[in-house]
Amino acid sequence: MRKVRVRFAPSPTGPLHIGGVRTALYNYFFAKKHGGDMLLRIEDTDAARFVPGAEEYIVESLNWLGIKIDEGVGAQSVGTFAPYHQSERKAIYRKYIDQLLAAGLAYIAFDTPADLEAKRLEIANFQYDATTRNLMTNSLTLSVDEVKTRIKSAEQYVVRIKIEPNLEIKVQDLIRGEVIFNSSVIDDKVLFKSSDELPTYHLANVVDDYLMEISHVIRGEEWLPSAPLHVLLYRYLGWTEVMPEFAHLPLLLKPDGNGKLSKRDGDRLGFPVFPLNWKDPKTGETSSGYREAGYFPEAVVNFLSLLGWNSGTEQEIFSMQELIDQFSLDRVSKSGAKFDYEKGKWFNHKYLQSKDNKEIATIFQCLLGEKGIVEDTAKVTKIVSLVKERANFVTELWGQSSFFFVAPKEYDAKTVQKRWKTETPAQLMELIDVLFAIDDFSAENTENIVKDWIEKKEYNLGDVMNAFRLSIVGEPIGPHMFDIIAVLGKLETIERIQRAVININN
RNA sequence: GGUCCAUUCGUCUAUCGGUUAGGACGCCAGGUUUUCAUCCUGGAAAGAGGGGUUCGACUCCCCUAUGGACUACCA
């Protein structure tokens, strides 16, 4: 088997879509599993759709996710097949266009967009192919001299592939098996346009994959219909022997209804469809990303990996290395996968629980800083350890722990009604005395003493504790009470109880 | 319209001719608990339809239906 070399070849037309992320991931797993290379090539053959910043966004996204590029754009060392931007490879493509032209496997066409539009109106289901090309304005219908003069007078033209009709073209797909197409259904695709001296995707990707010695083309299912064209191109160029193997991945579908997951679905349903936040430089429109939404890259990687692939075991949580070790194209499913955001949250929850408290505390400190709260790492770490199990995201930690940092300003009305009884103030005043007398304010010690007191006085445990919680937290939420007051300290605890007794009237 | 791809619980999926069709998310119930969560236990929940092939089909074949992708001088 030849050296595995795969490429991720996005177009810099905007932020990297989450479906693209999964494609990149599968390419990466496959490459690393087989000790191969992962290349990043930028397919910028359409200047009109170029969006500034998109390329940087793509590189940063892959970086964030932990996908390491071995070669090409964003790689440590550039690589031997540079350049990796298609816009910088004009001369290379021109050479192969000329080869195709000389061999009579492609031809020059002068039809303007308006001409084509007219033809489509004139002929139902018009397709530029063997049955119609002799009706058009091209080097097959014009004399050699006429073609020459037109080119000389700077008339715009395109080069089209001359598809031989009625051939059976077999595409071997690693996921779907053999897929057979009849060449007659393929149109004479534009390979090159004189207007910008650039090829279109079809020619460029074949030429580059060949020159860059790509062994496997792993891409989305939307490319399956054009795969026979690519196979034909390899044949026309004489590269059949080294043609890469193909694998067409199932699509990522929208959670409700059907169809490809799109940017709009994210906006509509309230979840990100991009790895990172993005602001469109032209429209100023912003899109949210997983990173900023509080996701760990490992969780996103894990979640996405299982949308269309499974290990065959009942394992759900996978590290990047496990994914690489266990990945196999023949365990990729054939049908599209609906995007289940709820499960995505669960993955993040799992990763949050398994993370080191101190590491989470560091991230949480940044969020606290934005609120003007500065606390030392040890204390924040302790708080994180107490509340993280009830959160899916670091960003949810504040909602679970704000009372550690800020005393309650008001008390949840429903809880007051339910838990604040006539005897409560007196009991809490007693509690203050009990707590005041304690020197060792550790959770274990305060719990023993307070519970002994409740028992001795024959108070109702629930009554006292719930009122206690209301005084300290202001709401019926939070971890073990004695853990909370151990963090708050004696003084703050007593002050909060006093304040509650003064302020709560029921 | 044409071509191609697909079709197991609501969702992601296991099953590669013989299983009580398994797991996970979500949902529901119960338990733990001073609250809310977490957690634990349990539950409901699936082979699109019709023909074949076979002793036996979720699994193989065909048809139908449904869904999707593609059908640009975009990728």
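Numbered from 1 within each chain, the chains take letters A, B, ... in sequence-line order. Worth saying up front: this structure is predicted, and the values here are computed from it rather than measured.
Nearest to the side chain of Asp340(A), among U13(B), U35(B), U11(B), sits U11(B). Of the candidates C73(B), G26(B), C12(B), C73(B) carries the atom nearest the Ser195(A) side chain, counting heavy atoms from C-beta on. Closest to the side chain of Val185(A), out of U3(B), A72(B), A69(B), is U3(B). The side chain of Val179(A) lies closest to C4(B), out of C36(B), C4(B), U34(B). Closest to the Lys343(A) side chain, of the nucleotides C39(B), A24(B), A72(B), is A24(B). Which of C5(B), A6(B), U34(B) sits closest to the side chain of Ser335(A) comes down to A6(B). Comparing atom distances between the Glu316(A) side chain and each of C12(B), G23(B), C73(B) picks out G23(B) as nearest.
Residue Arg160(A) has a polar side-chain atom (N or O) positioned under 4.0 Å from OP1 or OP2 of C73(B). At the phosphate of G1(B), neither OP1 nor OP2 sits under 4.0 Å from any side-chain N or O atom of Asn125(A). For Ser333(A), a side-chain nitrogen or oxygen approaches OP1 or OP2 of U13(B) to under 4.0 Å. Regarding contacts with the backbone of G68(B), every side-chain N or O of Lys254(A) stays at 4.0 angstrom or more from both OP1 and OP2. Under 4.0 angstrom from either OP1 or OP2 of A75(B) there lies at least one side-chain N or O belonging to Thr45(A). A sub-4.0 Å separation between OP1 or OP2 of U15(B) and a side-chain N or O of Arg331(A) is present.
Put simply, CH2 on Trp346(A) is 14 Å from C1' on U11(B), counting in whole angstrom units. What separates CE of Met136(A) from P of A72(B) is a distance of 13 Å, to the nearest Å. In this structure, Arg469(A) atom CZ and A37(B) atom P are separated by 12 Å, rounded to whole Å. Atom pair Glu221(A):CD and U7(B):P shows a separation of 10 Å (rounding to whole Å applied). Rounded to whole Å, the distance from CZ on Phe126(A) to P on U71(B) is 16 Å. Atom CG in Leu229(A) sits about 16 Å away from atom P in C4(B), given to the nearest Å. As rounded to whole Å, 15 Å separates atom P of U71(B) from atom CG of Leu116(A). Taking atom CD1 of residue Ile484(A) and atom P of nucleotide U35(B), one finds them 13 Å apart after rounding to whole Å.
Taking the six-membered ring where tryptophan is involved, the planes of His17(A) and Phe274(A) are perpendicular, since the angle between them exceeds 60° and thus also 30°.
For the C1' atom pair drawn from C62(B) and G18(B), the interatomic distance equals 24 Å after rounding to whole Å. U3(B) sits 25 Å from C60(B) when the C1' atoms are compared, rounded to a whole Å. When the C1' atom is compared between U11(B) and C27(B), the two are found 12 Å apart, to the nearest whole Å. A distance of about 28 Å separates the P atoms of G51(B) and A14(B), rounded to the whole Å. When the P atom is compared between U53(B) and C58(B), the two are found 16 Å apart, to the nearest whole Å. Comparing U13(B) with G52(B), their P atoms sit 32 Å apart, to the nearest whole Å. Nucleotides G26(B) and C12(B) are separated by 15 Å at their P atoms, to the nearest Å. When the P atom is compared between U54(B) and G43(B), the two are found 40 Å apart, to the nearest whole Å.
Note on Pro255(A): nothing from the nucleic acid sits closer than 4.0 angstrom, heavy atoms only. Using a 4.0 Å heavy-atom distance criterion, Arg49(A) is classed as a base contact. Backbone-only contact: Val190(A) has heavy atoms under 4.0 Å from sugar-phosphate atoms and none from a base. In this structure, Ile180(A) reaches the sugar-phosphate backbone alone: every heavy-atom distance under 4.0 Å involves primed, P, OP1 or OP2 atoms, never a base. Residue-level contact check: Asp196(A) touches neither bases nor backbone, having no heavy atom under 4.0 Å from any strand. Backbone-only engagement by Phe181(A) is indicated by non-hydrogen atom pairs under 4.0 Å involving sugar-phosphate atoms exclusively. Residue Gly308(A) is classed as a sugar-phosphate contact, given heavy-atom separations below 4.0 Å to backbone atoms only. Residue contacts shown for Arg219(A) are absent, as no nucleic acid heavy atom lies under 4.0 Å away.
By the 4.0 Å N-to-carboxylate-O rule, Lys457(A) lies close enough to Glu430(A) to be salt-bridged with it. Of the charged side-chain nitrogens involved, none lies within less than 4.0 Å of a carboxylate oxygen, so that Asp340(A) and Lys343(A) do not count as a salt-bridged pair. In summary, Glu298(A) and Lys355(A) engage in a salt bridge, as defined by a charged side-chain N under 4.0 Å from a carboxylate O. Look at Asp115(A) and Lys119(A) and you find no salt bridge, because none of the NZ, NE, NH1 or NH2 atoms lies under 4.0 Å from a carboxylate O. A salt bridge links Asp256(A) with Arg268(A); the closest basic N to acidic carboxylate O contact falls under 4.0 Å.
Along RNA chain B, the nucleotide nearest Phe339(A) and the nucleotide nearest Gln400(A) are compared for position; the residue whose nucleotide lies closer to the 5' end is Phe339(A). Residue whose closest nucleotide on RNA chain B sits further toward the 5' end, between Glu389(A) and Gly259(A): Glu389(A).
Pairing partner, U59(B): none, since no Watson-Crick or wobble contact has both distances short of 3.5 Å. A 3.5 Å limit on both hydrogen-bonding distances identifies no Watson-Crick or G-U partner for C9(B). Nucleotide U35(B) forms a pair with no other nucleotide shown, judged by Watson-Crick or G-U wobble geometry with both contacts under 3.5 Å. With a 3.5 Å ceiling on both atom-pair distances, the Watson-Crick or G-U wobble partner of G1(B) is U71(B). For C28(B), the paired nucleotide is G42(B), the pair qualifying as Watson-Crick or G-U wobble because both relevant distances are below 3.5 Å.
In this model, a donor atom of one side chain and an acceptor atom of the other lie less than 3.5 Å apart for Asn310(A) and Arg331(A).
One finds the CD atom of Gln353(A) at 6.5 Å from the CD atom of Glu389(A) (value rounded to the nearest 0.5 Å). To the nearest 0.5 Å, atom OH of residue Tyr26(A) and atom CZ of residue Phe8(A) are 13.5 Å apart.
Scanning atom types as modelled, one donor and one acceptor separated by under 3.5 angstrom connect the side chain of Arg390(A) and the base of C36(B). No N or O donor and acceptor, one from the side chain of Lys260(A) and one from the base of A69(B), sit under 3.5 Å apart. A donor-acceptor contact under 3.5 Å links the side chain of His480(A) to the base of U34(B).
Taking the six-membered ring wherever Trp is involved, the centroid distance between the rings of Trp278(A) and Tyr57(A) falls below 6.0 Å.
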